[in-house]
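Read the structure below first, then the notes.
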Amino acid sequence: MIHHIEVNVSDLQQSIEFWDWLLIDLGYTRYQRWEQGISWIYGDTYLVFVQAEAQYQDVSYHRKRVGLNHLAFFAKSKEHVDELTKKLVEKGVQILYTDRHPFAGGKEHYAVFFEDPDRIKVEIVAPKK
Ligand SMILES: [Zn+2]
């Protein structure tokens, strides 16, 4: 069980706008908020986003580099994946692997993949049953 995950972001406000509705939709609730950060919690696991300090912003995130590649969340169902995909498209979010969507993760894996404002890959996957 993961306790929490903390991610540094280039523009906290932009990340809040991107993540808030999505995490709420996925069952998270708003948890902590302070000047340089925010978190949402689900059960005992929370997800934190913190404004990266200016001096560390010269190198941006890239998922092909060493480090985090993507964050994957459970949707409630395949229909939920579809609903979220529609909302993401409406919000202008770039969906990844559209040629293979919703099976880009494999035939048995019903999911949508996209990028957050810092291009961190996000996956939302339907439970197996
Ligand atoms: Zn994955």
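Atom set for the values below is all heavy atoms of this structure, side chains included, hydrogens, waters and symmetry mates excluded. One-based numbering, in listed order, for ligands and for the atoms of each.
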Scanning both residues in full, the closest heavy-atom pair of Ser39 with Gln32 reads OG-OE1, 2.7 Å
Would you call Glu90 and Lys86 a salt bridge, taking side-chain N to carboxylate O under 4.0 Å as the test?
yes
Excluding waters, which are neither shown nor counted, protein N/O/S atoms under 2.8 Å from the Zn ion (ligand 1) come to 2
Do you see a donor-acceptor pair shorter than 3.5 Å between the side chains of Asn8 and Tyr61?
no
On a heavy-atom basis, which atom in Phe74 and which in Ile124 lie closest, and how many Å separate them?
C-CG2, 4.5 Å
Return yes when atom OH of Tyr42 has more than 12 non-hydrogen atoms of other residues, nucleotides or ligands closer than 6.0 Å, and no otherwise.
no
Evaluate Arg30 against Asp20 for side-chain contact (heavy atoms from CB on, under 4.5 Å), listing each step before the verdict.
CA-CA 8 Å; Arg30 293 180 195 121; Asp20 185 62; 2.6 Å; yes
